[in-house]
*Asks:* 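Just dropping this structure here.
Sequence lines set the chain letters: A, B, ... in the order given, protein chains first and strands last, and positions in each chain run from 1.
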There are 2 protein chains.
Amino acid sequence: METKQHRRRGTGATERGTAAEPGAALGTRERIVRVTARLLQRQGYEGTGIKQIAREAGATLGSVYHFFPGGKQELAAEAIRHGDEEMADLLREGLGSAEDPAEAMVAVTALLAEGLRESDWLEGCPVTATALETLGGSPEIQRACARALANWQELVGAKLLACGFDEQDARELACTVISVLEGAELTSQVTRSDAPLRIAGRHLHRLVEAYRP
Amino acid sequence: METKQHRRRGTGATERGTAAEPGAALGTRERIVRVTARLLQRQGYEGTGIKQIAREAGATLGSVYHFFPGGKQELAAEAIRHGDEEMADLLREGLGSAEDPAEAMVAVTALLAEGLRESDWLEGCPVTATALETLGGSPEIQRACARALANWQELVGAKLLACGFDEQDARELACTVISVLEGAELTSQVTRSDAPLRIAGRHLHRLVEAYRP
DNA sequence: GTCTATAAGATGATAGAC
DNA sequence: GTCTATCATCTTATAGAC
């Protein structure tokens with residue numbers, strides 16, 4: 001079951017796509033996707049060039065188009081799906097860190113604030129900027145963004161349902177929770193302060209309490 | 001006190017900048033700013049070109065650089081300030097439409113939903129996209145975006161203070177209210193439905209109730 | 001104030017050797 | 001799979017006539 005392979009740049013490396021360990025040597029395709037996800041998060045879709053992606057991923061333009069013949073749109077859609085999964089992981093971690101759903105909300109906002117601060121307030125929600133820029137454009141990217149939001153709402157809703165919340169309350173609260181996270185993250189980025197996220201966490205706590213069964 | 005002037009395109013028109021009536025003949029500078037604000041709102045900073053701005057404003061490239069020698073950044077900063085004022089007007093209208101602050105929140109979300117639907121979910125918050133794209137870049141634009149958020153928070157906070165809310169509660173609630181509006185507007189745009197905004201309105205109502213003095 | 005022409009460089013994408 | 005060279009187009013910005 002050999003999965004890790006020799007990779008150096010410039011050799012006829014075999015692309016597998018099984019490596020998953022953080023810090024481990026990643027295949028070219030995976031490296032391209034991750035770099036793209038981070039750049040979309042920081043600069044948005046129009047602000048990110050394919051040449052920059054190739055450079056920062058340590059790949060060539062030819063490799064990018066080899067893995068993504070659909071060009072920038074196909075690559076962006078895949079990167080959005082990657083960001084979707086990253087945010088989902090963070091949500092699972094935060095929601096699982098406290099049994100009480102109201103406290104879990106505070107935990108999630110704290111995790112987001114931590115990540116924001118570590119990136120000097122540059123790496124916020126992985127889909128927001130791209131979603132807004134491509135609203136009138138590529139349906140492929142739009143679908144990936146809509147899917148991400150729905151996915152995150154589902155995670156929050158499941159937590160609330162498991163805590164005995166009414167089904168409609170759970171669904172609606174989940175929708176607002178994700179909206180609040182999006183908005184508070186933006187506000188924290190613009191103000192370069194974690195206060196908006198911390199305050200939002202306390203308010204979400206109170207809101208969830210208000211609907212507790 | 002003559003203020004309205006002959007303007008046709010191609011004549012040596014005098015630029016005044018006093019016209020304010022909707023639908024009235026606007027000066028070239030004002031037309032450029034408004035078109036830019038709408039394009040930034042729809043496509044973001046990087047997705048909007050100066051040539052497109054000139055074309056849609058019915059002006060020439062030379063005119064754009066005549067009024068904005070600082071180029072795209074100066075123009076974008078001015079357009080963000082314009083969007084700031086537009087949103088502030090909407091907030092004043094919504095907040096003033098109901099004496100009760102909790103009901104006022106519902107009114108504001110309804111106004112936002114109305115505007116979104118009218119633009120086929122394309123024209124959301126006038127600063128979000130640009131703010132995210134320029135986080136690592138132009139300080140001039142960043143300042144305009146930060147100023148806008150602070151301005152809107154101030155309007156909501158003043159309403160709450162006037163209704164007898166504790167000062168810290170008012171300030172913090174105002175911060176979260178703006179974050180919720182930003183986030184719910186995004187969610188409504190991505191899902192092409194006013195449900196997220198309507199639901200957020202009800203939740204904001206409940207949240208404000210929870211802090212009512 | 002308005003207009004055209006143009007500079008200087010970046011962009012997404014492709015072709016074809018290796 | 002990787003690499004380089006290249007195309008056609010677009011970008012921001014400037015110069016200077018009118």
*Asks:* Does dG1(C) have its OP1 or OP2 closer than 4.0 Å to a side-chain nitrogen or oxygen of Thr28(B)?
*Replies:*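 The answer is no; no side-chain N or O of Thr28(B) sits under 4.0 Å from OP1 or OP2.
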*Asks:* Just how far, in rounded Å, is P of dT11(C) from CD of Gln43(A)?
*Replies:*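 Atom CD in Gln43(A) sits about 10 Å away from atom P in dT11(C).
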*Asks:* Round to the nearest Å and state the distance from Arg55(A) atom CZ to dC3(D) atom P.
*Replies:*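 The distance from CZ of Arg55(A) to P of dC3(D) comes to 15 Å, rounded to the nearest Å.
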*Asks:* Distances under 3.5 Å only, N/O to N/O: pair up the protein atoms with those of nucleotides 10-12 of chain D.
*Replies:*
unit_1	atom_1	unit_2	atom_2	d
dT12(D)	OP1	Thr48(B)	O	3.4
dT12(D)	OP1	Lys72(B)	NZ	3.1
dT12(D)	OP2	Ile50(B)	N	3.0

*Asks:* In whole angstrom, give the distance that lies between atom CZ of Phe67(A) and atom P of dG12(C).
*Replies:*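 So the two atoms are 19 Å apart, to the nearest Å.
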*Asks:* Measure NE2/His66(B) against C1'/dT4(C) and give the value in whole Å, please.
*Replies:*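 Distance check: His66(B) NE2 to dT4(C) C1' gives 17 Å.
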*Asks:* Is the phosphate of dT2(C) approached by Ser63(B) (side-chain N or O, under 4.0 Å from OP1 or OP2)?
*Replies:*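 Checking Ser63(B) against dT2(C): at least one side-chain N or O falls below 4.0 Å of OP1 or OP2.
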*Asks:* Taking only residues two or more places apart in sequence or in another chain, which ones pass side chain to side chain donor-acceptor pair (under 3.5 Å) with Arg55(A)?
*Replies:*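 Applying side chain to side chain donor-acceptor pair (under 3.5 Å) to Arg55(A) gives none.
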*Asks:* I need the full list of side-chain hydrogen bond (donor to acceptor under 3.5 Å, both in side chains) pairs touching residues 177-188 of chain A, with sequence neighbours left out, sorted by first then second residue.
*Replies:*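 Residue pairs passing side-chain hydrogen bond (donor to acceptor under 3.5 Å, both in side chains), neighbours aside: Thr128(A)-Glu182(A), Ser179(A)-Thr187(B), Thr187(A)-Ser179(B).
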*Asks:* Going by the rule side chain to side chain donor-acceptor pair (under 3.5 Å), which residues pair with Glu118(B) if we only count those two or more places apart in sequence or in a different chain?
*Replies:*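 Listed in chain order: nothing, the list is empty.
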*Asks:* Considering residues at least two apart in sequence or located in another chain, which fulfil the side chain to side chain contact (heavy atoms under 4.5 Å, CB included) criterion with Glu74(B)?
*Replies:*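 Expected list: Phe68(B), Pro69(B), Glu140(B).
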*Asks:* Holding to side chain to side chain contact (heavy atoms under 4.5 Å, CB included), I want the full list of residues that pass it with Arg117(B), two or more places apart in sequence or in another chain.
*Replies:*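 Residues passing side chain to side chain contact (heavy atoms under 4.5 Å, CB included) with Arg117(B): Trp121(B), Asp194(B).
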*Asks:* Identify the pairs formed between an N or O of the protein and an N or O of nucleotides 15-18 of chain D at a distance under 3.5 Å, and give each distance.
*Replies:*
none

*Asks:* So how far is it from Leu132(B) CG to Leu40(A) CG, rounded to the nearest 0.5 Å?
*Replies:*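 Result: 12.5 Å between the selected atoms.
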*Asks:* Nearest-Å distance, CZ (Arg29(B)) to P (dT2(C))?
*Replies:*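 After rounding, the reported distance stands at 12 Å.
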*Asks:* Output all residues satisfying side chain to side chain donor-acceptor pair (under 3.5 Å) with Arg143(B), sequence neighbours left out; order by chain, then residue number.
*Replies:*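 Once residues adjacent in sequence are excluded, Arg143(B) has no partner under the side chain to side chain donor-acceptor pair (under 3.5 Å) criterion.
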*Asks:* For Thr109(B), check side chain to side chain donor-acceptor pair (under 3.5 Å) against everything at least two apart and list the hits.
*Replies:*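 Testing Thr109(B) for side chain to side chain donor-acceptor pair (under 3.5 Å), a comparison that skips the adjacent residues, returns none.
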